There are 2 protein chains.
Amino acid sequence: MIGQQIASSIERRSGVSLWRQIADQILHSIAIGDFAENAALPPEIALAERYGVNRHTVRSAIAALVQDGVLRAEQGRGTFVLSRKRLSYPIGARTRFSEGLQGQATERRSVLLESAVEPASRRVAEGLGLAKGSNVIRLETRGEADGQPVSRASGWFDAKRFEGIEAAIAETGSVTASLQRFGISDYLRQSTVLSARHADAADLADLDLQSGAIVLVTVAVNVTPDGQPIQFAETRFPAERVELKLSAR
Amino acid sequence: MIGQQIASSIERRSGVSLWRQIADQILHSIAIGDFAENAALPPEIALAERYGVNRHTVRSAIAALVQDGVLRAEQGRGTFVLSRKRLSYPIGARTRFSEGLQGQATERRSVLLESAVEPASRRVAEGLGLAKGSNVIRLETRGEADGQPVSRASGWFDAKRFEGIEAAIAETGSVTASLQRFGISDYLRQSTVLSARHADAADLADLDLQSGAIVLVTVAVNVTPDGQPIQFAETRFPAERVELKLSAR
DNA sequence: TATAATTGTCTACATCATTATACAAATTCG
DNA sequence: CGAATTTGTATAATGATGTAGACAATTATA
């Protein structure tokens, strides 16, 4: 489980198949540096012994990771680690999507998937300090780094205050730039709540994930410097590709 | 998936069984307030229809949550939500375990499970700024709130600098108090990296989780105010019981 | 070139997960 | 009370997951 220590064991009858648990652990081992890039994984028989399962079960796990582009298997040679460590996504009071990934990815962009005006749910209304049922603009966006999806966000704005912001965002491709048109030159992350869960079908599709994947979820409220709520947002990050780095202050 | 919206769908052949996916989603619905405490869940048949599965599959999901103490099923009446929202664990530069959960739990404590002196893995050595293989003290602890496990931490200290700290911690039950004996009156969280994965067998046992559960993982380096590394720690939180709240500053 | 090590494929079987029906038991309500 | 609603139990069938063993194909190496 940790560093050089013995591989952790595996749970049966858990609702999570053994091959997926093993795939999770291999992924984790890679992420913490137990296997370097281009290094060979232990042979299937050794892995099977270590985890106490049949060789075919290990093969299923490896097949999933090969499908995922994490490993490459070569007959007669071995199985090799392809993918680098996870992207480290900085998160702090002033995090903007376009910043922060510098040096880790050469090309970054945010894609607007959908926008709609609708009555606020209780949760959104509370976050924005509006009456429940007030109209809000909902934006669904996907963040990409080097062509690979790394985030999937649902954001809500007060429809009255920010009428037409979806057009501005579609045009400029930037939330920050669009907010300037509404007189907001700066904003802060007021609060962030973090959780994790299995990705649902929609996020699996949008983030190009294999089924059963885990997403990290942040729920944040962005405010003006004087504390007025601007945006309520829920963002899902694929846990296998992204880690969140809390900035030291 | 979000607020009042339609229930998200379910993935087959994912390595995660349908009943577990449904249990995850019900838990999430409770956490975001779709079902209040003591409220009745929709009847099994309605849930089965909503998720597009057989009633028995829904029953498996409910059985797992009943086992977990989240729901209570009553024949002829319905199935009811027992548990409150997740514990919200504040996390910031100065977070101490004993602080922060005030008002959410009446009784909080930290239990030392194991301590050992061992050579540092590469990961730990880098975190503490030591040579790889230097001796470090490893402490395994569990945090509890109202008798329920809410965290499971592995922490490492430089064995030379903090010789005997495990005895002090066993005695006082407090990392903060023990550090004072070594002349450390204050320390800060320098960096925190966040990820998520399926709990391994050891954490399932220590955290009293059902198999297949997800853990939030923080990896942090604590330093003195002048930047000297003191402790390297990996903490696992059960995602179904805990969310992490990043403090706004 | 032989041999060992490793991944790829195949078959057979056991166990778990899911569906499909049917009916029993408890509760609520007209 | 009697009907409707809801959870509990039972049984059978099917598909997905995991185990077991055998052997082929490819690569590295003595």
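Everything numeric here is computed off the predicted structure, so don't read it as measured data. Each chain gets a letter, A, B and so on, in the order its sequence line appears, and its residues count up from 1.
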Between A:S60 and B:P43, whichever has its closest DNA chain D nucleotide further toward 5' is B:P43

- Any Lys/Arg nitrogen of A:K245 or A:E243 sitting under 4.0 Å from an Asp/Glu carboxylate oxygen of the other? no

Here the distance between atom P of D:dA10 and atom CG of B:N54, to the nearest Å, is 17 Å

What does B:T79 touch in the nucleic acid at a heavy-atom separation under 4.0 angstrom: a base, only the sugar-phosphate, or nothing?
sugar-phosphate

Taking five pairs at each terminus, the helix from C:dT1-D:dA30 to C:dG30-D:dC1 shows an axis bend, to 10°, of 20°

Across all chains, not counting sequence neighbours, the side-chain hydrogen bond (donor to acceptor under 3.5 Å, both in side chains) partners of A:R77 are A:E74

Hits for side-chain hydrogen bond (donor to acceptor under 3.5 Å, both in side chains) against B:S17, two or more places apart or cross-chain, chain-then-number order -> B:W19

Sequence neighbours excluded, the answer for side-chain contact (heavy atoms from CB on, under 4.5 Å) partners of A:V70 is A:L27, A:I30, A:L65, A:D68, A:S83

To the nearest angstrom, the CZ-P distance between A:R20 and C:dA17 comes to 16 Å

note: A:I22, atom CD1; D:dT19, atom C1'; distance rounded to Å ~ 13 Å

note: B:R72, atom CZ; D:dT7, atom P; distance rounded to Å ~ 13 Å

Expected string for nucleotides 22-30 of chain C under the B/S/- scheme (protein heavy atoms, under 4.0 Å, primed atoms plus P, OP1, OP2 as sugar-phosphate) is ---BBSS--

Between CD of B:E44 and P of C:dT19 the distance, given in whole Å, is 14 Å

_Using OP1 and OP2 only, check whether a side-chain N or O of A:R59 sits under 4.0 Å from C:dT7._
no

Hits for side-chain hydrogen bond (donor to acceptor under 3.5 Å, both in side chains) against B:D24, two or more places apart or cross-chain, chain-then-number order -> A:H198

By side-chain contact (heavy atoms from CB on, under 4.5 Å), B:T79 pairs with (sequence neighbours left out) B:L41, B:I62, B:L71, B:A73

*Report yes if some heavy atom in the side chain of B:R123 is under 4.5 Å from a heavy atom in the side chain of B:F232; otherwise report no.*
yes

In whole angstroms, the gap separating P of C:dA5 from CG of A:L41 amounts to 19 Å

A:L47 CG to D:dT19 P, in whole Å, measures 14 Å

Rounded to whole Å, CD1 of B:I45 lies from C1' of D:dT5 at a distance of 9 Å

Applying side-chain contact (heavy atoms from CB on, under 4.5 Å) to B:A36 and not counting sequence neighbours gives B:A39

Between the protein and nucleotides 15-17 of chain D, list the N/O to N/O atom pairs that are separated by less than 3.5 angstrom.
| residue | atom | partner | partner atom | Å |
| --- | --- | --- | --- | --- |
| D:dA16 | OP1 | B:R13 | NE | 3.4 |

By salt bridge (charged side-chain N to carboxylate O under 4.0 Å, His left out), A:D206 pairs with (sequence neighbours left out) A:R152

Those residues at least two apart in sequence (or on a different chain) that pass side-chain hydrogen bond (donor to acceptor under 3.5 Å, both in side chains) with A:E240 are none

Hits for side-chain contact (heavy atoms from CB on, under 4.5 Å) against A:R59, two or more places apart or cross-chain, chain-then-number order -> A:E44, A:R55, A:H56

